[in-house]
Every structure is written in structure tokens, then in C-alpha cells.
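Owing to the predicted nature of the structure, the values given are computational and were not obtained by experimental measurement.
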Amino acid sequence: MGKLLIVSVGLLVVFTAWLLYGPFGDGEPPKLPDFYWGPKTKENQKEDTTIRPFKINIDEKILADLKTRLKLELSPEGNRLTPPLEGIGFEYGFNTKFLKTVTTHWLEKYDWRAREKLLNKYPQFKTSINGIDIHFQHVKSQSKKQYKQTRPLLLLHGWPGSFFEFQKVIPLLTDPVDSDTNFELLIPSLPGYGFSERSHRPGLGPVEMAQLFLKFMQRVGHDKFYVQGGDWGSLIGINMAALYPEHVVALHLNMCTSSHPRAQLRMFIGSLYPSLFMNEADIHKHYPFSEWMSKVLGETGYLHIQATKPDTIGVALSNSPSGLAAYIIEKFSTWTKYEWRMKEDGGLVPYYQLDELLDNVMIYWVSNSITSSVRIYSEALSKRQFAWDLNRVPVKIPTGCLAAGEDFYAQSEFHIQDKFHQILSYTRLKNGGHFAAFELPHILAKDVLDFINLVEQNSTVFERNDKKRG
């Protein structure tokens with residue numbers, strides 16, 4: 001009996017070791033080849049490495065065409081909207097009664113030229129990386145206050161957002177009030193979004209974008225830097241930290257998530273005995289697992305079509321301004337607060353300003369970038385992307401997480417620990433949704449500042465870098 005027990009324990013130890021170091025083990029970061037995403041006709045040409053000033057100045061013909069389309073869609077003869085079911089808010093999608101309010105405001109009150117001036121408030125540029133032009137804002141402090149250190153910070157947006165999401169957070173980070181550190185901000189549009197050029201060939205997913213944005217940061221003069229991101233920006237930032245820890249000093253995310261194999265194991269274990277591993281706030285948010293999964297499935301129908309037929313949905317959205325507005329703005333309803341789907345206006349007003357919601361829609365419309373923007377889903381869920389096996393590669397640099405109470409995409413600290421080995425801060429908010437920079441700029445900025453000041457107290461990376469330059 002004693003021998004049987006010893007053998008059993010031995011087998012259990014071997015099996016556990018096999019799980020932890022085999023299919024559930026950590027992986028090593030792959031070495032990526034040097035990619036090219038431009039047109040084939042220019043592949044052998046020397047890349048233009050200049051950084052060129054850029055200003056948004058949309059052709060009047062594009063604006064006139066938009067008004068023509070809006071007038072037609074709002075006219076009795078052109079109105080093809082189906083009335084919502086009685087007593088229904090946003091449960092079936094965007095409520096068409098409220099959509100008429102949005103499009104009427106767009107046509108009659110929204111002033112693009114005034115909004116364009118606001119978008120041109122901060123310096124913008126373009127530069128070619130891996131064969132495609134990347135649009136970005138480059139913002140430095142305008143105050144006379146002396147900070148102990150100014151650090152480069154890359155801000156990455158997601159879908160259906162844009163660089164516009166960060167406009168309110170910019171002055172809070174370049175000129176913070178109570179901080180020893182301030183930031184030089186680099187805010188690019190992702191490839192295929194807004195004023196950044198799309199890829200001309202398949203394959204540009206979140207892994208490949210990690211390489212592109214490392215090159216981007218080096219192009220603008222920063223070999224070591226901080227990264228902050230949400231949504232796709234979060235996943236790209238995670239990939240940058242996993243692939244290039246010698247360049248990314250620390251990572252701050254407002255969508256901390258992990259697909260590490262052990263994270264899936266933690267999800268299962270947590271569902272059995274959640275109180276042993278998580279606090280009440282995390283339990284309420286993620287369990288019962290069936291309720292959380294039902295919510296996720298109900299909010300990710302878009303993901304399936306964008307991952308499988310992005311160009312098909314792109315045709316419809318590129319030709320109808322009301323269709324594009326409904327498709328994009330709907331996410332700012334249920335992703336901000338899930339219960340808002342019960343309201344006729346989706347809870348959008350007065351919580352958000354219609355002009356600001358339409359600013360984001362307009363960036364997609366005037367650049368005709370909705371199709372290329374949603375292709376990232378197809379690339380991210382491709383066999384090529386999974387072959388990199390980055391889900392198993394841990395992030396070993398300092399990481400800070402801001403988990404908004406209503407953002408059901410963000411995972412609990414318990415679930416992500418196998419992916420992130422140095423979680424220095426994990427801030428739980430009672431409220432707030434998916435678009436933290438847009439919705440909660442002061443809270444996001446404070447969390448970024450608190451986290452990076454904590455990193456600065458315990459790191460000499462930039463000091464060593466400064467000595468090397470000296």
C-alpha cells in the first residue's frame with residue numbers, strides 16, 4: 001500500500017510538471033522577420049524615413065457627399081429604417097428612433113470644420129513604417145513647470161475607437177499637476193484606421209503591429225518607452241512587452257486580459273470555488289460563469305462577422321452614414337454600461353456628447369477606413385497569428401491594470417497572473433466602461449501617473465539609458 005501511494009504521488013507530480021511545462025507552460029518569444037505591408041510595386045524601393053507634418057483638411061466634395069447621403073436617408077422617400085419593436089430599447093441593436101435623432105443632429109447641427117480645428121489642436125505627422133504611412137500625434141508639455149523626468153509614452157487605441165479617444169487625456173499626461181513625471185505622448189492611428197494607411201497584403205495582425213510600433217517609436221527617437229493601451233491597443237501593447245522587454249520599460253492597460261493556457265485553467269477553477277481566489281467585486285463581475293459568458297456571446301456577434309467576412313460588412317458600412325453611425329455608436333452604449341441596452345437612447349445622452357461620438361464616426365467616414373479597420377479581427381484570429389504562440393509567452397516587465405466595473409472584457413487579477421509576472425498595480429473601479437480614455441480621462445490619467453511613478457521609484461532603466469547617451 002505504501003509503495004502504491006509513493007508511485008501515485010510520483011505520477012501526480014510528473015503529470016503536474018508535464019502540464020505546467022508542456023501544454024500549460026510558458027513559451028519563448030519568437031523572432032519575427034522584417035515585414036513589409038506596402039504595395040508590391042514599391043517593395044524593392046528604399047523606404048522614406050522622413051517624418052512629415054500633417055493636418056486634417058477634408059475635401060469639401062467628401063463633406064457635400066455626406067450631406068447628400070444623410071438628406072436622402074432622412075427624407076420620406078429615402079428612409080428605409082425599420083421601426084423598433086414596441087417597448088424595446090437597444091436590446092435588438094441600435095434603436096432606429098434614436099438613430100433619427102443622431103443623424104438629424106449630424107446633418108443640421110454638427111459642424112465638421114469646427115471639429116476639424118479641435119482635432120488639429122495638437123501636432124500631427126506621418127511617417128512610413130514597413131511600407132505604409134502611419135499617422136500620429138506627437139505632443140509635448142506646453143507649460144513652464146519643471147518635472148524631474150519626462151518619459152515617452154505610446155498610447156494605443158482599439159476598435160471602434162480612434163486617436164480621438166485620447167484627446168481629453170493628453171493635457172492630463174503632458175502637464176500633470178501632482179507628479180514628478182510627465183510625458184511626451186506618441187498617439188498613432190493603427191494601420192488601416194483613420195489617417196494611417198492600410199496594409200496592402202494579408203497578415204498584419206496584433207503580433208505584426210507590435211513590431212511596427214517598436215520601429216515607430218525608434219523612428220521618433222525612443223529606444224525605451226512606456227506603453228498604455230485599451231482594446232486592440234491592449235493586445236498590441238501586451239505583444240510588444242512580451243516580444244521586446246528590452247525596449248518596453250513598463251505596460252499600463254485598461255483591458256488586462258490573458259489567453260495563456262493557465263488562464264483558462266484558472267477560469268475553470270475559479271468557477272468551482274470563486275471565493276477562495278477572488279474578492280467579491282471580481283466574483284460578481286465574472287461569475288456565475290454562465291451569466292458572464294451569455295453576456296459576452298450577446299455582445300460579440302460583430303466579432304464573428306468581422307473575423308470571417310470583414311469586407312462584406314465593410315461594403316454596407318462604407319455606403320451608409322446612418323449605418324456606420326449605428327454600428328459604431330452602439331458599442332459606446334452597451335460597452336459603457338450593459339443595462340443601458342434597455343433604454344431607447346441607449347443611455348448615450350446626456351452621458352456622452354453627440355458631437356464627440358460623431359467625431360469618432362467622422363474619422364472613419366472621411367477616411368473611408370471602416371473596412372480596413374475591421375480586418376484586424378480576421379488577421380488576429382487567423383492560423384498565422386496563432387502559430388506565433390504568443391499567448392503562452394509571459395510579460396515579465398512591470399504591469400499596471402485599470403479594470404472598469406462595467407467592462408466585461410477586462411479579466412480579474414486572479415485570471416491574468418500567469419501572463420503578467422509583475423503586476424505592480426491593479427485598480428478596480430465600481431463604474432466605468434470599455435472606453436476609459438474617452439469616458440474617464442481623469443481617472444485613467446491618475447492611474448497611469450500613479451503606476452509609472454511607482455515604476456520610476458524602483459527602476460533605473462532610463463538613468464542607465466541617459467548615462468549611455470551622455
Side-chain angles (χ1 to χ4, degrees), residues 26 28-29 140-141 145-156 169 172-186 210 213-214 217-218 221-230 233-258 260 263 279 282 393-403 410-429 436-437 442-470:
D26 291 342
E28 292 296 322
K140 301 178 182 180
S141 172
K145 180 178 178 180
Q146 296 295 315
Y147 294 92
K148 287 185 178 180
Q149 55 265 331
T150 299
R151 302 305 190 206
L153 175 61
L154 174 65
L155 298 176
L156 295 170
V169 86
L172 304 175
L173 294 175
T174 57
D175 300 287
V177 177
D178 298 314
S179 174
D180 291 333
T181 304
N182 75 325
F183 298 99
E184 174 186 339
L185 300 179
L186 286 306
F213 283 118
L214 170 64
M217 290 301 287
Q218 292 173 330
H222 298 296
D223 193 57
K224 295 183 183 297
F225 49 89
Y226 292 109
V227 177
Q228 198 288 324
S234 172
L235 297 181
I236 296 166
I238 291 170
N239 290 340
M240 292 182 75
L243 288 167
Y244 310 114
E246 69 275 21
H247 298 285
V248 182
V249 177
L251 177 68
H252 184 277
L253 307 169
N254 55 281
M255 192 185 82
C256 278
T257 183
S258 170
H260 192 289
N279 61 31
D282 287 340
V393 179
V395 171
K396 298 180 180 180
I397 64 171
T399 303
C401 298
L402 177 67
Q411 294 177 317
S412 73
E413 186 174 7
F414 169 71
H415 292 134
I416 64 173
Q417 289 175 358
D418 291 300
K419 179 67 176 183
F420 303 98
H421 289 190
Q422 276 198 76
I423 301 176
L424 294 192
S425 68
Y426 189 98
T427 305
R428 296 171 180 84
L429 302 180
H442 286 84
I443 292 175
L444 176 67
K446 183 180 184 305
D447 205 66
V448 170
L449 286 162
D450 289 348
F451 166 67
I452 290 183
N453 278 318
L454 183 62
V455 174
E456 290 284 334
Q457 293 170 16
N458 298 280
S459 174
T460 58
V461 170
F462 281 106
E463 290 180 15
R464 293 198 303 269
N465 204 40
D466 291 341
K467 288 178 181 178
K468 286 179 182 178
R469 285 201 297 266

Using ring-ring contact (aromatic ring centres under 6.0 Å, His included) as the criterion, list what pairs up with [X], not counting sequence neighbours.
| X | value |
| --- | --- |
| Y226 | F462 |
| F420 | none |
| Y426 | none |

With distance as the sole test, does [X] use its side chain to make a donor-acceptor pair with the main-chain N or O of [Y] at under 3.5 Å?
| X | Y | result |
| --- | --- | --- |
| N182 | T174 | yes |
| N453 | L449 | yes |
| Q228 | L154 | no |
| Y147 | F183 | no |
| H222 | P152 | no |
| K396 | Q422 | no |
| S179 | V177 | no |

Considering only heavy atoms from C-beta outward, does the side chain of [X] approach that of [Y] to under 4.5 Å?
| X | Y | value |
| --- | --- | --- |
| M217 | L186 | yes |
| M255 | T257 | yes |
| V248 | F225 | yes |
| I416 | S412 | no |
| V227 | L156 | yes |
| L155 | L185 | yes |
| T399 | L424 | no |
| Q218 | H247 | yes |

Which atom pair, heavy atoms only, marks the closest approach of [X] to [Y]?
| X | Y | answer |
| --- | --- | --- |
| K419 | V393 | NZ-O, 2.6 Å |
| V455 | P398 | CG2-CB, 4.1 Å |
| S258 | A263 | OG-CB, 3.5 Å |
| T150 | E184 | CG2-N, 3.8 Å |
| A210 | N239 | CB-CB, 3.8 Å |
| C401 | D447 | O-OD2, 3.8 Å |

Query - Verdict with reasoning, Q149 to D180, per side chain to side chain contact (heavy atoms under 4.5 Å, CB included) - result: CA-CA 7 Å; Q149 55 265 331; D180 291 333; 3.9 Å; yes
When rounded to the nearest 0.5 angstrom, what is the spacing between [atom1] in [X] and [atom2] in [Y]?
| X | Y | atom1 | atom2 | answer |
| --- | --- | --- | --- | --- |
| T427 | H252 | OG1 | NE2 | 6.5 Å |
| L172 | L444 | CG | CG | 9.0 Å |
| I452 | L251 | CD1 | CG | 9.5 Å |

Query - Cationic N near anionic O, under 4.0 Å, K148 to E456 - result: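 Here K148 does not pair with E456 in a salt bridge, since their nearest N and O are not under 4.0 Å apart.
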Query raised in the report: If you draw a 6.0 Å radius around CG in N458, do more than 12 non-hydrogen atoms from other residues or ligands fall strictly inside?
Result: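 Enclosed: over 12 neighbouring heavy atoms sit under 6.0 Å from CG of N458.
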Requested in this report: Apply the test salt bridge (Lys or Arg N to Asp or Glu O under 4.0 Å) to residues E413 and R428: give CA-CA distance (whole Å), side-chain angles for both, the deciding distance (0.1 Å), then the verdict.
Outcome: CA-CA 10 Å; E413 186 174 7; R428 296 171 180 84; 3.4 Å; yes
Report task. Evaluate the side-chain hydrogen bond (donor to acceptor under 3.5 Å, both in side chains) criterion for residues H415 and D282: first the C-alpha distance (whole Å), next the side-chain angles of each, then the deciding distance (0.1 Å), finally the verdict. Result -> CA-CA 10 Å; H415 292 134; D282 287 340; over 6 Å; no
